[in-house]
Structure formats: C-alpha cells, structure tokens
Amino acid sequence: MDGNTATSPTSAPEVDGFARTVIAWHARHGRHDLPWQNPATPYRVWVSEIMLQQTQVATVIPYFQRFMARFPTLAALAGAEIDEVLHLWTGLGYYARARHLHQAARRIDIDHGGRFPSAIDRLLELPGIGRSTAGAILSLALGQRHPILDGNVKRVLARYHAIPGWPARAEVQRRLWALAEHHTPRQRNAAYNQGLMDLGASLCIRVRPRCGRCPLAAGCAARRLDRQSQFPEPRPARVKPVRRTRMLLLQRADRVLLVRRPPAGVWGGLWCPPECDLEADYVALCRRQFGLRIGPARAWPMRRHTFSHFHLEIHPLYASVQSEDPGVMDRPGHLWYNEHSSNRCGLAAPVRQLLQDLQEMRA
DNA sequence: AACCCGGGGAC
DNA sequence: GTCCCAGGGTT
C-alpha cells in the first residue's frame with residue numbers, strides 16, 4: 001500500500017506482528033466498558049466519534065450520556081431543534097460538530113430512509129464525517145476493515161516509525177495514512193483499531209510515555225533512538241493576537257438579553273449577550289438596535305478566553321433595562337434568557353460562566 | 001501559558 | 001492540493 005518506500009521501515013512479517021500485538025494487548029488492557037461500546041450501534045459510535053474529535057474521553061462521557069438520554073435514536077436527533085442539540089453541546093466546544101451532526105441525521109432520515117449507511121462512500125458524503133471518523137464508525141460498529149488516524153494513532157505511528165514533521169502537514173499526513181493502512185489487519189479490525197487508540201491514550205501518551213509497559217516497544221524507532229518526546233513534532237508556534245470585545249449584560253426583571261450569533265465563525269449558532277467595541281456608544285446602541293433605555297452601567301472585571309489562534313478579552317458591562325420600545329424584541333434572534341425557564345439554547349463556556357456569575361450576584 | 005485535536009472551507 | 005479556522009480541557 002505504501003509502496004515499500006524508505007518512509008516505511010517496517011518489513012512485512014513484522015507488520016503482521018504489529019497488529020497481532022495490538023489485538024492481544026487490547027484483549028487484556030484495552031477499554032471494553034465505554035458507554036458507546038455497549039451497545040456499539042452505528043448511531044452511538046457515530047455520536048461518540050464526533051464528540052471525541054478534539055476532545056478527550058473523560059470529558060466526552062457525561063456529554064454522551066446526556067445526549068443519548070435525550071436523543072436515543074437517530075430519528076429522535078433528526079426531529080430535534082438545532083437549539084436543543086446545541087444546548088446539549090454547551091461547553092464541549094467546536095460547535096460546528098453539533099450542527100453537522102444534526103444536519104447529517106436529517107440527511108440520513110431523508111436520503112437513506114433513516115437507516116445508517118454502511119458503505120464508506122455514503123458516510124463520507126455526510127457533513128462532519130471524514131476519512132478517520134468514517135473508518136472508526138464502520139470498523140467499531142460493523143467490523144469492516146478500515147484504517148483510522150485519530151490523534152492517538154498518529155502519535156503511536158509517528159513514534160513507532162520516527163516520522164518527522166507536524167502531523168497536520170499534508171505530506172506527513174500522507175505518510176501516516178499509508179502506515180495506518182499498511183498495519184491494518186484483515187481480521188479483527190475493531191479490536192485492532194480500538195486497541196491502537198487505547199494504547200495511544202494510556203501508554204503512548206504525549207509526555208513521559210510508559211514504554212516499559214508498551215507491547216510495541218521492541219520495534220519502536222523513537223524508543224530505539226531514545227527520542228520519544230520528539231515525535232510527533234508539535235505544531236509550529238505562532239503568536240496569538242488579542243481581540244477585545246464588550247459584552248452587554250442587559251437585565252430586565254430576572255432575565256438577560258441574548259442574541260443569536262451567525263451560523264458560521266466563532267461560536268456559530270450559539271446565543272450570546274450583545275457585543276460591541278470597547279469604544280462604542282453602548283447607550284445609543286441599546287436604543288437603536290434593541291429599543292432599550294438602560295440605567296447606569298457597571299463594568300465587571302475583564303476575563304480572558306483563549307482560542308486556538310487568538311486570545312479574547314471579554315469586558316462585561318452590566319446595566320438594567322429602564323424601558324423598552326414595544327415590538328422590537330419580537331424579531332427572531334433575540335431572547336430574554338433565564339436559566340430557570342425552559343430556554344434551551346447553546347452557550348459558549350465563558351458565556352455560561354458569565355450568566356452564572358450574574359445569577360450569583362442577584363442571589 | 002503551552003499543548004492537543006478531525007473536518008470544512010477558503011484559497 | 002494546501003493551509004487556516006475553531007474551543008475546550010489538561011498539564
């Protein structure tokens with residue numbers, strides 16, 4: 001598969017041993033009691049794999065449990081409102097994953113009669129499902145033979161073969177996929193894939209890997225070189241710019257105003273207090289945009305939220321609403337939020353924190 | 001404060 | 001084809 005080039009220092013007999021070793025290790029030391037493994041239906045494995053993108057197992061488990069309690073079947077998810085899906089995603093991050101999950105459920109309902117596709121090409125047509133996720137679903141739930149390449153597998157393979165370069169780079173990714181395909185066994189692929197992920201999560205961890213317990217240590221090139229910490233190479237460092245925003249906490253009785261964010265970009269589709277520049281005339285803005293006259297404003301301490309590519313400084317400003325022009329708030333995209341009411345909507349983690357602090361201040 | 005991460009989409 | 005974007009938790 002990989003053409004036996006110099007990129008693959010592994011000879012064929014050893015490859016068979018690689019998969020056998022992983023499968024044997026998985027039987028004794030792998031995880032068999034994860035929520036999505038019992039039962040491992042395509043729908044449950046799909047939801048878990050989407051949640052596990054960019055997110056660790058321990059974080060995902062409670063989200064998965066709540067999600068399954070609310071949406072036990074694909075049909076339940078397809079019939080849901082997006083706000084309720086995002087509500088269950090609140091705090092998990094990368095909210096495009098939830099929107100794609102919801103869109104894909106509706107597409108399966110319409111295009112596939114509600115039956116989860118079992119052909120990888122059909123799976124790859126669905127939003128949010130790429131090569132690795134499709135392979136994981138079909139191998140873990142249906143036992144099909146597909147390689148996977150999640151973060152754990154990338155780390156194991158990059159070390160075992162001493163692959164230089166940052167794994168997200170196209171050329172490095174190509175080499176890793178070729179190796180993943182090369183090692184993938186024809187039999188027992190589910191145990192192999194799950195074992196490889198478990199091994200990467202528990203032994204071949206990023207810092208101070210537990211090579212003493214690793215069944216692959218004898219053939220591992222990084223260990224032979226004593227350079228485990230240098231594979232895989234980290235993302236090139238970049239200076240993160242700082243962006244600043246004002247968030248207006250406008251309180252009317254026991255409720256606070258939220259507006260829906262645009263569907264794409266940061267916190268897409270979530271609800272958020274109205275924002276403006278630090279220099280903006282927020283009194284005029286409240287009047288013009290929302291028809292609200294507000295009382296004296298009080299600045300709250302700045303809080304910082306870090307994204308992958310910038311820092312966000314949030315400067316909250318609290319004010320109570322004195323009077324309101326009728327009708328302005330009837331437009332969609334506005335919401336007087338109260339955590340005790342039945343509002344079900346997605347909130348970004350720092351926004352949820354802000355609303356929580358507001359609640360505590362009033363108590 | 002630095003590090004990690006699958007897929008979509010802009011280019 | 002190749003890079004940039006996205007959001008939390010963990011260390």
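Heavy-atom basis, side chains included; hydrogens, waters and symmetry copies ignored. Naming convention: chains lettered A, B, ... in sequence-line order (proteins, then strands); numbering from 1 in each chain.
- At the heavy-atom level, A/Arg97 lies nowhere under 4.0 Å from the strands shown.
- Annotation: A/Tyr63 is not in aromatic contact with A/Trp89 [ring centroid separation under 6.0 Å not met].
- No contact: A/Leu312 has no heavy atom under 4.0 Å from any strand.
- Between A/Leu52 atom CG and B/dG7 atom C1' there is a gap of 15 Å when expressed in whole angstrom units.
- Centroid-to-centroid, the aromatic rings of A/Phe64 and A/Trp36 come within less than 6.0 Å.
- Mapping A/Phe310 and A/Thr59 onto DNA chain C by nearest heavy atom places A/Phe310 at the nucleotide closer to the 5' end.
- Put simply, A/Trp267 has a side-chain N or O that comes within less than 4.0 Å of OP1 or OP2 on C/dG8.
- Contact between the side-chain N/O atoms of A/Tyr95 and the OP1/OP2 oxygens of C/dG8 is found at a separation under 4.0 Å.
- With C/dG8, C/dT10, C/dG7 as the candidates, the nucleotide lying closest to the side chain of A/Ala348 is C/dG8.
- Annotation: the span from A/Thr41 atom OG1 to A/Phe116 atom CZ amounts to 8.5 Å, rounded to 0.5 Å.
- When heavy atoms are screened at a 4.0 angstrom cut-off, A/Gly268 is found touching no nucleic acid atom at all.
- No close placement of the A/Tyr160 and A/Phe231 rings is indicated, their centers lying 6.0 Å or farther apart.
- Within 4.0 Å (heavy atoms only), A/Ile50 reaches no atom of the nucleic acid at all.
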Open item on the list: For a ring-ring contact (aromatic ring centres under 6.0 Å, His included) check, start with the C-alpha distance between A/Tyr95 and A/Trp267, then their side-chain angles and the critical distance, and finish with the verdict.
Closed with: CA-CA 6 Å; A/Tyr95 300 93; A/Trp267 297 334; 8.0 Å; no
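- A straight line from NZ of A/Lys154 to P of B/dC4 spans 12 Å, rounded to a whole angstrom.
- The side chain of A/Thr306 contributes no N or O atom lying less than 4.0 Å from OP1 or OP2 of B/dA1.
- Of the residues near DNA chain C, A/Leu92 and A/Ala168, the one whose nearest nucleotide (by heavy atom distance) lies more toward the 5' end is A/Ala168.
- The nucleotide whose nearest atom lies closest to any side-chain atom of A/Phe307 is, among B/dG6, B/dC4, C/dG7, C/dG7.
- Interface remark: the A/Gln54 side chain does form a donor-acceptor pair with the B/dG6 base, using a distance-only criterion of under 3.5 Å.
- A/Ala237 comes within 4.0 angstrom of nothing in the nucleic acid, heavy atoms only.
- The interatomic distance linking A/Ile314 (CD1) with C/dG7 (P) rounds to 13 Å, in whole Å.
- Going from atom CH2 of A/Trp166 over to atom C1' of C/dT2 covers 11 Å, rounded to whole Å.
- For C/dG7 and B/dA10, the P atoms lie 16 Å apart once the distance is rounded to whole Å.
- Counting non-hydrogen atoms under 4.0 angstrom, A/Pro350 reaches the backbone sugars and phosphates but no base.
- Side-chain proximity of A/Ala170 to C/dG7, C/dT2, B/dG6: nearest is C/dT2.
- A donor-acceptor contact shorter than 3.5 Å is absent between the side chain of A/Asp277 and the backbone of A/Ala280.
- Close to C/dG8, at under 4.0 Å from its OP1 or OP2, lies a side-chain N or O of A/His305.
- Residue A/Arg99 contributes atom CZ, which lies 10 Å from atom C1' of B/dG8 at whole-angstrom precision.
- For A/Arg169 and C/dT2, the CZ to P distance is 10 Å, given to the nearest whole Å.
- When the C1' atom of B/dG6 is taken as reference, atom CZ of A/Arg131 falls 13 Å away, rounded to whole Å.
- What separates CE of A/Met51 from P of C/dG7 is a distance of 15 Å, to the nearest Å.
- Contact annotation: A/Arg238 side-chain N/O to C/dC5 OP1/OP2 distance is under 4.0 Å.
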